[in-house]
Amino acid sequence: MYYRSNSFLRGISVNNEENFKKLVVVTGMSGAGKSVAIQCLEDLGYFCVDNLPPILLPKFVELMQDNNQSLSRVAIGVDLRGKDFFDNLREELQNITNLTDILVQVLFIEANDNVLVSRYKATRRTHPIASGGTPLEAINEERRLLADLRGVATHIVDSSDFKPKELRSKVIELFGSGKDNIFSINVMSFGFKHGVPIDADIVFDVRFLPNPYYIEALRPLTGMDARVYDYVMKWKETEIFYTKLMDLLKFVIPGYMREGKSQVVIAIGCTGGQHRSVALAERISNELIDFFDFELNTRHRDALIEGIIDEKA
């Protein structure tokens, strides 16, 4: 495993980098991890296009130069599947650097022959430039054809010893900034009688707690109402459960991030998704947003199916 960084650009100060639109060209050996890099850049907020024919690159750059904020950071995946137009790619990238105010970076991802052959055998896929020969012959030919582009790459990453999550970490290190936060926490309340959320990573059942539904004055309200919230939280078993739950979440959430996940969905369920789960989801969200420096979203899926929110409460 190794990493090398070159200066492909000329005349651009690193200190002024934020003032430029950014174009990251992701290329390299087939099977080395370009798709993982593209997905990670997308999570970082880049507008991503995989397998863009190099002949379309000038037109794409024209779109970037328009006042379109969604194209202020763009990543494109380029490989030898567009080999009929690949020969002029280096020249085209230099033209973009010389004639526009776009900051161009080339990420070249490679791996050693043994690893690439092993990956192709494991996936049973055919190498994109194979023409009847062995996988190793195709890999050697691809390495020869890419040598010129590799020579001008801004960043060269060898993924031979990388797991996907480690490659993601390297891409984040290279192209993320202090403003980028690609991990998010989603806290959801729901009612079991309306179905368990299929996208939940962690599900907790709070139907063992005292139910405000049986208090006539609280029945039409939701856990967003202070009266319902206070009722749910006043019980000793609620406090014990909440304390143990938060200890668990503060332990496991960093693990999800280390494993390369971009988000975690925490689902809190009660019978109807109106009272107990809503109150606890609110409390959990308020503590997690103070504890972690991640984006946090709270959603009450079923709260309004049967309840109402008293905005005066």
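Quantities reported herein were computed from a predicted structural model and do not represent experimental measurements. Each residue takes its place number in the sequence, starting with 1.
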Next on the checklist: Between the side chains of Lys193 and Asp302, is the shortest nitrogen-to-carboxylate-oxygen separation below 4.0 Å, so that they form an ion pair?
Outcome noted: no
Checklist entry - Does some side-chain heavy atom of Ile202 sit less than 4.5 Å from a side-chain heavy atom of Leu249? => result yes
Item to check | Residue pair Gly77 / Asp50: nearest heavy atoms and the distance that separates them | outcome: CA-OD1, 3.6 Å
Next on the checklist: Counting the benzene-type ring for Trp, do Tyr229 and Tyr231 have ring centres under 6.0 Å apart?
Outcome noted: no
Item to check | Backbone N/O of Thr134 and side chain of Glu137: donor-acceptor pair under 3.5 Å | outcome: yes
Checklist entry - Can you hop from Val196 to Ile198 via hydrophobic side chains spaced under 4.5 Å? => result no
Checklist entry - Rounded to the nearest 0.5 Å, how far apart are CG of Leu71 and CG of Asp66? => result 8.5 Å
Item to check | Cluster overlap Val117 with Val115, hydrophobic side-chain contacts below 4.5 Å | outcome: no
Checklist outcome for this item: OG1 (Thr238) and CG (Leu245) are apart, to the nearest 0.5 Å, by 11.5 Å
Next on the checklist: Quick one, Met29 and Leu116 - any side-chain contact, counting heavy atoms below 4.5 Å?
Outcome noted: yes
Checklist entry - Does the side chain of Pro135 reach to within under 4.5 Å of the side chain of Lys121, using non-hydrogen atoms? => result no
Checklist entry - Is there a side-chain contact (heavy atoms from CB on, under 4.5 Å) between Leu296 and Ser285 once you walk through the steps? => result CA-CA 7 Å; Leu296 189 141; Ser285 297; 3.7 Å; yes
Checklist entry - Is Asp201 salt-bridged to Lys261, going by a charged N under 4.0 Å from an acidic O? => result yes
Item to check | Arg219/Glu216 salt bridge by N-O under 4.0 Å criterion | outcome: no
Checklist outcome for this item: Correct closest heavy-atom pair for Arg119 and Phe162 would be NH2-O, 4.0 Å
Next on the checklist: For a 4.5 angstrom cut-off between non-hydrogen side-chain atoms, does Thr222 reach Val228?
Outcome noted: no
Next on the checklist: Ignoring hydrogens, what is the shortest heavy-atom contact between Glu166 and Asp161? Give both atom names and the distance.
Outcome noted: OE1-O, 3.4 Å
Checklist entry - Backbone N or O of Arg207 within a donor-acceptor pair of the Arg276 side chain at under 3.5 Å? => result yes
Checklist entry - Closest approach of Phe175 and Leu107, non-hydrogen atoms and distance? => result CE1-CD2, 3.8 Å
Checklist entry - Rounded to the nearest 0.5 Å, how far apart are CD of Gln274 and OG of Ser189? => result 10.5 Å
Next on the checklist: Please determine whether residues Ile139 and Phe108 belong to a single hydrophobic cluster, defined as Ile, Leu, Val, Met, Phe, Trp and Tyr linked transitively by side-chain heavy-atom distances below 4.5 Å.
Outcome noted: yes
Next on the checklist: Tell me whether Lys21 contacts the main-chain N or O of Met64 through its side chain, where contact means a donor paired with an acceptor under 3.5 Å.
Outcome noted: yes
Checklist entry - Do you know the tightest heavy-atom contact between Met188 and Pro197? => result SD-CG, 3.3 Å
Checklist outcome for this item: So OG1 of Thr154 and CG of Leu93: to nearest 0.5 Å the spacing works out to 9.0 Å
Next on the checklist: I'd like to know whether Phe192 forms a side-chain contact (heavy atoms from CB on, under 4.5 Å) with Asp205, so could you lay out the CA-CA distance, the side-chain angles of the two residues, the decisive distance to 0.1 Å, and finally the verdict.
Outcome noted: CA-CA 9 Å; Phe192 278 95; Asp205 183 348; 3.6 Å; yes
Checklist entry - Taking a hydrophobic cluster as the set of Ile, Leu, Val, Met, Phe, Trp and Tyr residues connected by side-chain heavy atoms closer than 4.5 Å, whether directly or through intermediates, do Leu221 and Ile268 fall within one such cluster? => result yes
Item to check | Side-chain (Ser160) to main-chain (Asn112) donor-acceptor, under 3.5 angstrom | outcome: yes
Checklist entry - Can Lys170 and Glu173 be counted as an ion pair, charged N to O under 4.0 angstrom? => result yes
Checklist entry - Is the cationic atom of Arg73 (NZ for Lys, CZ for Arg) positioned less than 6.0 Å from the six-membered ring centroid of Phe47 and within 45 degrees of its normal? => result no
Checklist entry - Pairs in or reaching into residues 231-250: which pass salt bridge (Lys or Arg N to Asp or Glu O under 4.0 Å), with residues at least two apart or in two chains? => result Glu239-Arg283, Lys250-Glu287
Checklist entry - Is there side-chain contact between Val78 and Leu57, with heavy atoms separated by less than 4.5 Å? => result no
Item to check | Heavy-atom closest contact (Ala37 atom, Val171 atom, distance) | outcome: CB-CG2, 4.0 Å
Checklist entry - How about Phe241 and Phe208: are their ring centres within less than 6.0 Å of each other? => result yes
Next on the checklist: As a quick check of understanding, evaluate salt bridge (Lys or Arg N to Asp or Glu O under 4.0 Å) for Arg168 and Asp43, giving each step before the final call.
Outcome noted: CA-CA 10 Å; Arg168 283 177 57 87; Asp43 289 340; 3.3 Å; yes
Checklist entry - Run the side-chain contact (heavy atoms from CB on, under 4.5 Å) check on Val157 and Leu174 step by step: do they pass? => result CA-CA 10 Å; Val157 175; Leu174 294 175; 4.1 Å; yes
Next on the checklist: If I take atom CD from residue Glu141 and atom CG from residue Leu146, how far apart are they, to the nearest 0.5 angstrom?
Outcome noted: 10.0 Å
Next on the checklist: With a 4.5 Å cut-off on side-chain heavy atoms, are Ile266 and Ile185 touching?
Outcome noted: yes
Checklist entry - Are side-chain N/O atoms of Asn286 and Glu282 paired as donor and acceptor at under 3.5 Å? => result no
Next on the checklist: Just so I know, are the side chains of Val106 and His155 near enough to count as touching, which here means a heavy-atom distance under 4.5 Å?
Outcome noted: no
Checklist entry - Can you find a side-chain donor-acceptor pair between Ser30 and Glu142 that sits under 3.5 Å? => result yes
Item to check | Non-hydrogen side-chain atoms of Tyr242 and Leu209 separated by less than 4.5 Å | outcome: no
Next on the checklist: Would you call the rings of Phe294 and Phe292 parallel, tilted or perpendicular, taking 30° and 60° as the class edges?
Outcome noted: parallel
Next on the checklist: Pair Ile102, Lys22 - check side-chain contact (heavy atoms from CB on, under 4.5 Å), show working.
Outcome noted: CA-CA 6 Å; Ile102 296 174; Lys22 298 178 182 178; over 6 Å; no
Next on the checklist: Checking Lys59 against Glu62 for the salt bridge (Lys or Arg N to Asp or Glu O under 4.0 Å) test, could you report, in this order, the C-alpha distance in whole Å, the side-chain angles of both residues, the deciding distance, and whether it holds?
Outcome noted: CA-CA 5 Å; Lys59 183 61 67 176; Glu62 289 181 20; 3.4 Å; yes
Checklist entry - Are Leu280 and Val187 connected in a single hydrophobic cluster, I mean Ile/Leu/Val/Met/Phe/Trp/Tyr linked by side-chain heavy atoms less than 4.5 Å apart? => result yes
Next on the checklist: Can you tell me how far apart OG (Ser277) and CZ (Phe204) are? Round to the nearest 0.5 Å.
Outcome noted: 13.5 Å
